[in-house]
Amino acid sequence: MLDIKITRTASPKAKPQDESKLGFGKIFSDHMFVMDYTAGQGWHDARIVPYGPFQIDPATTVLHYAQEIFEGMKAYRTADGTIQLFRPDCNAKRMQDSADRLCIPTIPEEDYIQAVKAIVDVDRDWVPHADGASLYIRPFVFATDVGLGVHASHHYTFCIICSPSGAYYAEGINPVRIYVEDDYIRAAPGLTGFTKCGGNYAASIKAGELAEEQGYAQVLWLDGVEKKYVEEVGSMNIMFKIDGKVYTAATVGTVLPGVTRRSCIELLKDWGYEVIEGKLAIADVMKAAQEGKLEEVFGTGTAAVVSPVKELVWKGEHAYIGDGKIGPVTQKLYDTMTGMQWGRLPDTKGWIVPVEKVY
Ligand code: COI
């Protein structure tokens, strides 16, 4: 159990007036959680302090070699004012897996959850009230040794910041267009694809920018070896409903094990759908589209929730999905996930964790 020291801000910021215009990750709440790690001592000095800049030596390891990992979570406000989290244990465990791969010391699951609950509790007034808006939570750990040698750092900082946010895509729940990337790759066996490390995202930016210039919301990554099989999209996992069955890439090292992904798979199976986690060739996706069997395509992610795709382009060939509108399974998943998260539907799966008022 962490002993968290709380220092409240003397100058609280004005909260956003119009919650319909929050955007994603643009404004931040009054406080942040911080904890330090020193080799030989472990994690220490857990604290909540006013949100503000870190002073960092220019030779700090993370600035040069990107020894950094992060998570993405949300806190939701229900109609009765309860503030709640969705499967925080999954994020805690995934951060441990990311930490292990990046040679970063792990944070015990109970400490991680305690820290998330504490910062959300202190800044609970920042959890939006508007429909579809939530408090996006960004836990991250970065290496703070000073020096230019390429080694695991002996010092780290764990920080959690919170951002009242709306939909991740400007399109909201409206279907997006996705560019299938045939040149750059995101991951390959043995690399860091399964982790949430900043470097994965840095390496993806170029392809994302090029796709955006052509009017596509994001890139769909193919496997890094043969560039043949679908893996994931920039900020979410992706699922394909073809001829009644749902296909998605297996999380075998190159694909991020998304919390929304696994939740959607559980729901789909509960509803009687066959879900195939494995290799799906992009050529077969395009063929299914031509044959009228590509019924629905949707992304899943914490930020994006469940996000319909209306068009894919691969090597100049276009696949149009359904009638360009959100499909029934995508809609049902979206309604069920957001229903549980915002407390409109009962939590039949034991996924919801309330944030009690302690501070
Ligand atoms: C999330 O869905 O929480 C993510 O971390 C994706 C992010 C890169 C926007």
Side-chain angles (χ1 to χ4, degrees), residues 22-29 66 68-76 85-99 101-102 112 116 119-120 127-128 132-142 158-173 176 178 181 186-187 192-209 211-212 216-221 231-239 248-249 251 255-265 298-309 333-334 337-338 341 351:
L22 289 172
F24 176 78
K26 295 201 171 102
I27 47 174
F28 297 92
S29 65
E68 187 269 355
I69 53 173
F70 70 95
E71 271 301 320
M73 307 170 68
K74 282 175 174 171
Y76 310 86
L85 305 170
F86 184 77
R87 308 188 80 175
D89 54 315
C90 295
N91 296 89
K93 288 199 192 89
R94 187 171 63 186
M95 193 173 226
Q96 291 183 337
D97 292 341
S98 298
R101 177 64 180 83
L102 273 287
Y112 176 98
V116 170
I119 185 65
V120 171
V127 182
S134 58
L135 189 70
Y136 185 77
I137 306 164
R138 173 52 61 87
F140 57 108
V141 183
F142 57 98
F158 174 39
C159 180
I160 309 174
I161 54 175
C162 299
S163 171
S165 292
Y168 182 70
Y169 291 112
E171 291 93 333
I173 183 73
V176 294
I178 299 278
E181 177 57 54
R186 172 189 175 274
T192 53
F194 68 94
T195 72
K196 268 188 109 58
C197 69
N200 284 348
Y201 294 80
S204 77
I205 287 173
K206 182 151 187 162
E209 295 288 305
E212 263 182 47
Y216 294 91
Q218 282 200 359
V219 159
L220 166 58
W221 298 104
E231 291 212 323
E232 66 180 86
V233 175
S235 63
M236 51 192 198
N237 297 109
I238 186 152
M239 303 198 185
T248 193
T251 51
V255 174
L256 188 80
V259 178
T260 311
R261 173 191 178 280
R262 68 188 269 188
S263 306
C264 287
I265 291 173
F298 53 92
T300 62
T302 298
V305 199
V306 176
S307 184
V309 177
L333 279 172
Y334 179 85
M337 290 289 292
T338 56
Q341 289 166 338
W351 288 343

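These values consider heavy atoms only, across backbone and side chains, with no hydrogens, waters or symmetry-generated copies. Whatever order the structure lists ligands and atoms in, that order sets their numbers, starting from 1.
Protein heavy atom closest to atom 5 (O) of ligand 1, with residue, atom name and distance, is K196 NZ, 2.8 Å. Regarding atom 1 (C) of ligand 1, its nearest protein heavy-atom neighbour is Y136 OH, 3.3 Å. For atom 2 (O) of ligand 1, the closest non-hydrogen atom of the protein is A303 N, 2.8 Å. Nearest protein heavy-atom contact of atom 9 (C) of ligand 1 is Y168 CE1, 3.5 Å. The nearest heavy-atom contact from the protein to atom 8 (C) of ligand 1 is Y201 CE2, 3.5 Å.
If you check each of R138, E71, M236 against atom 7 (C) of ligand 1, the one with the closest non-hydrogen atom is R138.
Proximity of E232 to R186: side-chain heavy atoms (C-beta onward) are separated by under 4.5 Å at one or more points. T195 places none of its side-chain heavy atoms less than 4.5 Å from the side chain of D97.
At a cut-off of 3.5 Å, with distance as the only test, a side-chain donor of R87 or S263 sits close to an acceptor on the other residue.
Below 30°, between 30° and 60°, or above 60°: for Y112 and F158 the angle between ring planes is below 30°, a parallel geometry.
Taking the ring pair (Phe, Tyr, Trp, His ring centres under 6.0 Å) definition, one finds that F194 meets it with nothing, sequence neighbours left out. In this view, Y201 and F70 satisfy the ring pair (Phe, Tyr, Trp, His ring centres under 6.0 Å) rule, not counting sequence neighbours.
Close approach of ligand 1 to F70 (heavy-atom distance below 4.0 Å) involves ligand atoms 5 (O).
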